[in-house]
Structure formats: structure tokens, C-alpha cells
> 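Quick one: the structure is below, questions incoming.
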Amino acid sequence: MNGPAPTVHDSAAPLPSDEALIVDVPGWDGPLDLLLTLARTQKVDLMQISVLALAEQYLVFVDRARALRIELAADYLVMAAWLAFLKSRLLLPPDPAAEGPSTDDMAAHLAFQLDRLAAMRDAAARLMARPRLGRDRFVRGAPEAVARTRTVHWQAGLIDLMQAYARLRTRDEFRPYAFDRRDVWTLEEALERMRRLIGFAGDWTDLAGFLPDGWGGDPARRRSATASTFAASLELARQGRLDIRQEASFAPISVRAKP
Amino acid sequence: MTGNAPFPPMPEQERMVEALLFAASQPLTLRDMAARMPAGCDPAEALARLRVRYDGRGVELARVGDAWAFRTAADLGFLMQDAVIETRRLSRAATEVLAIVAYHQPVTRTEIEEIRGVALSRGTLDQLIDMGWVRLGRRRPSPGRPVTFVVTEAFLDHFGLASTRDLPGLGELRAAGLLDPRPPAGPRLALAAGGAQADIVAAEEPGCDLFGD
Amino acid sequence: MTGNAPFPPMPEQERMVEALLFAASQPLTLRDMAARMPAGCDPAEALARLRVRYDGRGVELARVGDAWAFRTAADLGFLMQDAVIETRRLSRAATEVLAIVAYHQPVTRTEIEEIRGVALSRGTLDQLIDMGWVRLGRRRPSPGRPVTFVVTEAFLDHFGLASTRDLPGLGELRAAGLLDPRPPAGPRLALAAGGAQADIVAAEEPGCDLFGD
């Protein structure tokens, strides 16, 4: 490393390689990455490395980083603690009463993790080196779009057709129902008439007597006038302005002003 | 074509032209190809060989002006079509116009408008013509010689009619109860008081059993 | 393959498959092809014949998962340098994660973190998903039902792989036991908050040359 790093050079002469290590702490992709780099300096075959030596290297690294007040991320410290534990176990004779994985298992697993990480790095590099689409291999430059032809099946039956026609041709026939009130005595008209007349009905009077002049003959007109006059009398009864009486079913209905 | 040249052998050049034309988004001229290929190549010769190779295949080398491109063989164009079938209901306006044409043919646009009581929007007749149910008939020998409209064989086919004379007449429609007496929304009270009660009930139930009897 | 069948003869079917695959920029499955071709066609057989025909040509028939596509031969890429699509360079972290997903799929986020020994910064997987190379797979039927990640057909297409079984070195890695799921016996690394930061820094400065001497 030839980059200037004043804080490091001020310190008490560490080994040149260690110096490089410390300067580039943030350059590691976590403690496993750092361990892998350290292991590579030992051996190419990661399953043959000395885990004890590796643990020592790592711990030395962490100590130096601390001495230089370089802040290490928490997981570097977790790893340091674990490696210190592993180192102490590796230095002691195996304790048959110890629980959990054996020291050998732990060491082997670390070696496996390093080997696996190295393998994935290698795989990534091989993948990226493959002939790639858009760089080495190309798709059709002028793809021919598939034309979508839309076939619409129209849903219309003979009934629809005839109903449409019937609707058109009979439009005039049913207009009168809506707008021509020649033969309709409306509720409003009946109410108006009843209000005027009820004051004169001091005694029971047949409802038929309230029908307007000229509405008693034609059955359709009589029916309309009777219905709305009856409805109007109900409304006035509700308002407390008259009483209604019917002697029996289908008997004539009589009304009188409320006394 | 000299065998000992330092530039790629012809089969290799043919592969190059093939790849170039495949990947290009625009047709390429011989100049374009030569500019991309190693010096000393002969794209014209490679192209000529490639054309022979693709002759009669599913894709062919087509000449576009003085450039070249791969194109699907013309007889396979049908593969590039994706047919989508959709079912749609005819609009009320279209149904009415179709009914008028069927009952009154040959009929002019003005007559259709008179019967419907509203102006005909441009698209409605066009749509029916597009669908193949209505076509232009003879011109009416009256002032202005307006075109008339008639229904087509396809129409009769679709509706299962031998001829338009098979369409039931107005009287029959009425007898069958097909008249739709639904009034435009109006004051119900007045109607209820009048004699229209029976009609209202019919309107609410536009019976499917109209043809039952 | 019967001679008297009413459907197109095999050479004709071969032309159809050729045209379909040439026209499309996306890989097509046999189903896609069958859907476009006349009823009774056998795109699988037509495709097999077509593969032989295009073997060694400038344009090759590539298998992409369950689908097929024409792609220019990799050795001719130099001709198309002006067509190169500049893609954003992936960070080292992203390429590693991509490799881990490809070789270990279906793989959970925690497993990726275990293999790399650092927490995964949020953007890394997102970037790969955005590029269309990684997608969500099924949930793992284990406590918490974590989602898994798998590579896509676009990934296979991009790296010229017929399937994930063709990943480089897959056999050796498997034989070496490096793809085995192993219960971690070491410290649970990388799940501290600090790990993610290292990931980001590393992505920006891949610096592996610390021991350059």
C-alpha cells in the first residue's frame, strides 16, 4: 500500500503488512472476509489452514486496530471474542465434560465457512465472465411484434331486435300514461278539493259526494277520482281534520269534518 | 476467396453476416457490414451464400432498398397474428338502428332518424356495416338520390332468419306481449290511481315466457 | 410424423418454429409455439430438427429454462460492439449475492447472510430483483415461514445458461459439500447493525489488492 495514512505512520512501528491491514479496515466485507484474506496468506487450500494461527492473526489485527483507535464494527468484535474462546479451547486438552460442539467441529466449521465464501466468490467471478446477453450475445434487433387481431363476437338475439323495434314503434302509445293527465284526478287535486269542501260536511257524508263534477260517469275517470279522493281523505284524517267511517267491508265510506 | 489470406474464411464471414443482420435493429447495407467486419472481408459474397442458405426457410433475407434484413417468410405471416375473441353486447342505439333497417329496408339515414326521433351518430351505422350485418343498398330514385341501407346475408344467418319477411310484424309483436310498455320514469302516484296498473305490472316483468303461448 | 396427416409436414413445422423464434425477442416455450401453430403440430420435434440445423451458425438456438430463443453466437460478440447495452456495474456484494442465490436456491435472506458473514444491505437484493435476475420463491416451511429467493429465466438468458443445472462448477461445488446446508457451529456473524455498513463500503471499494505485493 503506498497511500498516505498519517495516523498509522505516527504509530509505533507495526509490521508493514499489518499497517496495510489496519489502514483498510473499512475495506473488508465483514469479519469473514477479513479472515478469508488472512487465511489466503497461509494456504490456498482453506481446509488445510491452521485455525489456531488464523485466530491469532485476527486477534492481533483487532488489538492493533484498537491501539490505533480505529473503530471496529460490532461484528468484528463478536468474531474476536469467539476466536479468543476457540483459541483457548484449542490450546487446552479436550474436556470430555464440555457441552456443545467440540473444538475440532468449531474449527472445521470455520474452515468450511471460509471455503464456502471463497467458492461463492469464485463462482460469482465465473458467472460474470460468461458470454452475456447484450454484451457478447444478442437478441433479435428488430423483433417482429405479434399483431393482435381482435375478433368481436356480437351478442344480439332476435328478441333484442324485435324488442328494440317494438319499443320504437310504440313509443307514442305509452306516452299518454306519463304526460296526459286528462283522465287522471291527481292526489294534489283531490286534496285541494277536499280541503275546500270538508268544512261544509258537518255530518257524515258519502265520500262519493266529494268527486268532482263530470268524473262520476266514465268508469276510468271515476276510478281515478275515487282513488285519489280516498287517498286525500286518509291524508286529511292523518292531519286530524276529518273522521272516516265504513260500516262494513265494501260498504260506502263516509267522512265528516272533525268536530 | 484466396485460401491463404489472413482474414476469416468464407464460412466464418457468413456467420458474421448472419449474426450482424440478426442483431441489427435496422436493415444493414453492405457498407455497414464491411465496417463492422474484420478488414479484408467480403460481405457481398458472404451475403450471397447466406441468401442461398435461407432460401425457402421460415425466415428469409429480404432486400430493403440497398440494405438487407431478416424477415419472416411471407407465407408464415399468419403465425404472427394472435387472435383474440371477445364477446360484446350490442348497444341499444345499434340494436334499434339494426331493427329499423331490418324492418324497413331499403331505408335511408333520414328515415332511420325519423323513426328513432333522434339524429344518428356517425359511428352507429359504420359499426353495423363493419360487423357485416348492414350494407349499402341502391340509391333511392328521389331528390338527392340518398343511399339506402339493407341487411346482409350474415345478418340473416346470425339471427336465424330465412329472409327479412320472417320478422314478425308489429301486430304479432303486440300479441306476443313484446311491446315494452315501460314508461319513462314519471309520477307513479298518478299512474297508480289510474287504470294503468295492469301495464305497470307487465313492465316490471318483461316476461321471458312471451312466446310461451 | 405420419405422412398422411392433415397437419403440416415436419419441414413446414420446422419453418414455422424458425419464424416464431426469429420474430420474438423473448424466449418462447413449446406451449407458446403450439398455441400459435396449427392444431396437431409437434413443436418439440420441429425444434429438435432446427437445433441441428443451427448448430455452429452465427445465430444459435439457445435453451433458456423451459423456453427457447435465437441468440447470436457468443464468439461473434465483437462485431456488435456498438449495440452493447451498458448495464450498471454490479458491486462485488451484488455479484456474490447473485451467485449465492443461483447456486443455493431456493435460499433465504438469513442463509445468504450466513454464507457471506455480513448482514445484507437492503439495496442489494432489491437491485437484483429490479434487474429481473432474482425473484421471490416459495416460503420455506420452517418457523417464521421465511421467503426464499431464486434466479429467473432472464438470469439464465443473460448468462447463456440452459438451466441452473448448467451453472459453472456446480458439480464440483456440490461434490465438495460446499452447497450443503450446514447448521452454523460458529458465531452468528454479521447480524449486528454494523455489518450492513461494511457491505456498503465494500460495494463501493472492492479493494482486494491489499496484499498486492
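Below, chains carry the letters A, B, ... as their sequence lines are ordered, and counting in each starts from 1.
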> Donor-acceptor pairs under 3.5 angstrom involving side-chain atoms of residues 130-139 of chain B: please list them, not counting sequence neighbours.
{"unit_1": "B/Arg139", "atom_1": "NH1", "unit_2": "B/Arg145", "atom_2": "O", "d": "2.8"}

> Would you mind checking which part of C/Arg71 comes under 4.5 Å of any heavy atom in chain B, side chain (CB onward), backbone (N, CA, C, O), both or neither?
backbone
> Run the side-chain contact (heavy atoms from CB on, under 4.5 Å) test on C/Asp75 and B/Glu12 for me, step by step, so that the C-alpha distance in whole Å, both residues' side-chain angles and the decisive distance to 0.1 Å come before the verdict.
CA-CA 11 Å; C/Asp75 65 310; B/Glu12 203 49 33; 3.9 Å; yes
> Would you indicate whether the side-chain heavy atoms of C/Leu79 and B/Arg15 approach each other to under 4.5 Å?
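Not touching, per the 4.5 Å side-chain cut-off.
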> Please find the pair of heavy atoms, one from B/Ala19 and one from C/Thr72, that lie closest to each other, and give the distance.
O-CG2, 3.7 Å
> Just wondering, are more than 12 heavy atoms of other shown residues or ligands nearer than 6.0 Å to CD in C/Gln26?
no
> Which region of B/Leu20, side chain (C-beta onward) or backbone (N, CA, C, O), has a non-hydrogen atom less than 4.5 Å from a non-hydrogen atom of chain C, or is it both or neither?
both
> As an exercise: rank C/Ala73, C/Gly56, C/Pro11 by heavy-atom pairs under 4.5 Å with chain B and give me the winner.
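Highest number of pairs under 4.5 Å: C/Gly56.
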> What residues of residues 60-70 of chain C sit under 4.5 Å from chain B when only non-hydrogen atoms are counted?
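Within residues 60-70 of chain C, the residues under 4.5 Å from chain B are C/Glu60, C/Phe70.
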> Can you pull out the residues in residues 30-40 of chain B with any heavy atom less than 4.5 Å from chain C?
B/Arg36, B/Met37, B/Pro38
> With a 4.5 angstrom heavy-atom cut-off, is it the side chain or the backbone of C/Leu50 that approaches chain B, or both, or neither?
side chain
> Taking the side chain as everything from C-beta on, heavy atoms only, tell me whether C/Tyr54 gets closer than 4.5 Å to B/Glu18.
yes
> Please tabulate, for side-chain N and O atoms in residues 160-168 of chain C, each donor-acceptor pair with protein atoms closer than 3.5 Å (sequence neighbours left out).
{"unit_1": "C/Ser163", "atom_1": "OG", "unit_2": "C/Arg165", "atom_2": "N", "d": "3.1"}
{"unit_1": "C/Asp166", "atom_1": "OD2", "unit_2": "C/Ser163", "atom_2": "N", "d": "3.3"}

